[in-house]
Amino acid sequence: MKYSQLFGKTIRDVPKDEVSTNAKLLIRAGFVSKLGAGIYNFLPLGWRVHKKIEQIIREEMDAIGGQEILMPALLPKEPWEKTGRWTEPGKEVMFQLEGRSHKEYGLGWTHEEIITPLVKKFVSSYKDLPLYLYQIQDKFRNESRAKSGLLRGLEFSMKDLYSFHRDEKDLVDYYQKAMAAYQKIFERCGLNSLVAEASGGSFSKYSHEFQVLTPYGEDTIFYCEKCHYAQNKEIAEIKANSKCPECKGKIVEGKSIEVGNIFQLKTKYSKPFDLNYSDQDGKIKPVIMGCYGIGPSRVMGSVVEINRDDRGIIWPESVAPFRFHLLLLSENNQVAKNAEKIYNKLLDSGQEVLFDDRRDISAGQKFAESDLIGIPYRLVVSEKTGDKIEIKKRDEKKSELAEMKELLAQFVS
Ligand code: ATP
Ligand code: MG
């Protein structure tokens, strides 16, 4: 992609009401644009990152048997009345609105009330189970504190997977698999996540949250320095400086961001919707359920909160919008031609390159913008580099000069 043609460039002025670091950086660097509190447009750079995060999640959900579907975001009132959630939490969380003939709707903030009756249409026998369905879609929540940029949107993306089982043992087995898949997802996104025990609601003792430590997090957890056992402060039985119940290591307190949350729902939703199946012995039994959420947009915000310096973002390679940021630093036509050639060679070998081909911008500004945008490898072509290319990693000081051949050998397998 040529930067001269890219929609959404770096900007100097961030909206005055924007206080979060992730949103400020993402706005300045041209990844997102703010529409209102907790509501953001994703520009081409930002959407590329979002899609990479989605793709990592998709691959890991498919690997544990997930089938991708898409449910509507506009939801009629009736199924929510069945569970009582139309009034409790009701408008506290759900945007509710009226259509024609006074018909009432709400915008989806979670989808148990939709998926349970949907699955009931197709599942009736033990032969239909287990079943794992997920979607990646925008959710809407009437959040009271929308001041954390992508970490807490009124509209935000969520991957929600729902699992359906014959018995609790099968649910628990799958729950462990999902936990491992979640850890892989965050690792692949460049995030170090801890699994913290959290409130399990009325239906099980604990749920599990995937928490990323950072002083900018909204949550507080107690965790073991040694084995990483953790509990959310809201329900904690352990406290700072106590001994870890698992390994006797030291428990410490830390701020963190919840990037994922998994629950054993058991029969909480299958009961009100009569989602039952007939077992091998002919008995009718309730389907046992689990649910598993991750916010890709919150993951993106978290990656920015954690991977940055005073000059800008430092994207991990796996979710970076491009792998290379090629800068042309010359007014000379011959050098420009050479840069263009290098750009095309990289494209031909399947690389993702952002090419700052602009002629009227100073080297200083290009360097500053490149650091702000945070693409992993900066390539410079100038009069000084001659036939070679200067390569520098975003998070390192040293640079090296290499020939095109060497560059390709190093990066293209
Ligand atoms: P929180 O406690 O932070 O309000 P939650 O426990 O209500 O979140 P879940 O319903 O478990 O969140 O949602 C699953 C995932 O969706 C969360 O782990 C998070 O990654 C993401 N998420 C939830 N609310 C938001 C939001 N307002 N903006 C962005 N992402 C969100
Ligand atoms: Mg949660």
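Counting starts at 1 for both ligands and their atoms, in listed order. Because the structure is a prediction, the values reported are computed rather than measured. Counting begins at 1 with the first residue of the sequence.
Near R141, with a cut-off below 4.0 Å to any heavy atom, the atoms of ligand 1 are 5 (P), 7 (O), 9 (P), 10 (O), 12 (O), 13 (O), 23 (C), 24 (N). Those atoms of ligand 1 with a heavy atom of E143 less than 4.0 angstrom away are 24 (N), 26 (C), 27 (N). Using a 4.0 Å cut-off to heavy atoms of N261, the atoms of ligand 1 that qualify are 6 (O), 11 (O), 18 (O). Near M158, with a cut-off below 4.0 Å to any heavy atom, the atoms of ligand 1 are 13 (O), 14 (C), 16 (O). Counting the atoms of ligand 1 from 1 in the order shown, those under 4.0 Å from a heavy atom of V259 are 18 (O), 20 (O).
Side chain of S124 to main chain of K120: no donor-acceptor pair is present (N/O by atom type, distance under 3.5 Å, no hydrogens or angles).
Below 3.5 Å of separation, one finds no N or O of S297 facing any N or O of ligand 1. Looking at ligand 1, you'll find an N or O of G153 within less than 3.5 Å of one of its N or O atoms. For ligand 1, one of its N or O atoms has an N or O atom of G295 under 3.5 Å away.
Within the structure, side-chain hydrogen bond (donor to acceptor under 3.5 Å, both in side chains) contacts touching residues 295-304 (residues at least two apart or in different chains) are S157-S297.
Between Y174 and Y132, the ring centre distance stays below 6.0 Å.
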Exercise. Apply salt bridge (charged side-chain N to carboxylate O under 4.0 Å, His left out) to the pair K255 and D219, showing each step before the final yes or no.
Key: CA-CA 6 Å; K255 286 278 184 199; D219 286 18; over 6 Å; no
Practice problem: Run the numbers on H208 and Y175 for ring pair (Phe, Tyr, Trp, His ring centres under 6.0 Å), then give the verdict. | Solution: CA-CA 10 Å; H208 290 87; Y175 193 79; 5.5 Å; yes
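Within the 4.0 Å heavy-atom criterion, both parts of R152, backbone and side chain, lie near ligand 1.
Proximity of L25 to V14: side-chain heavy atoms (C-beta onward) are nowhere separated by under 4.5 Å. Under the 4.5 Å side-chain criterion, counting only non-hydrogen atoms from C-beta, L327 is not in contact with F355.
Residues A23 and G149 come closest through the heavy atom pair CB-CA, 3.7 Å. Shortest non-hydrogen contact noted between F322 and I375 is O-CG2, 3.2 Å.
Between the choices F156, W109, F140, the shortest heavy-atom distance to atom 31 (C) of ligand 1 belongs to F156.
With hydrogens left out, the protein atom closest to atom 17 (C) of ligand 1 is E258 OE2, 3.1 Å, a heavy atom.
Within E258, OE1 is the N, O or S atom that lies nearest to the Mg ion (ligand 2).
With a cut-off of 2.8 Å, the Mg ion (ligand 2) has an N, O or S atom of N261 in range.
Judged by the shortest distance from any of its heavy atoms, L151 lies inside the 4.0 Å radius around the atoms of ligand 1.
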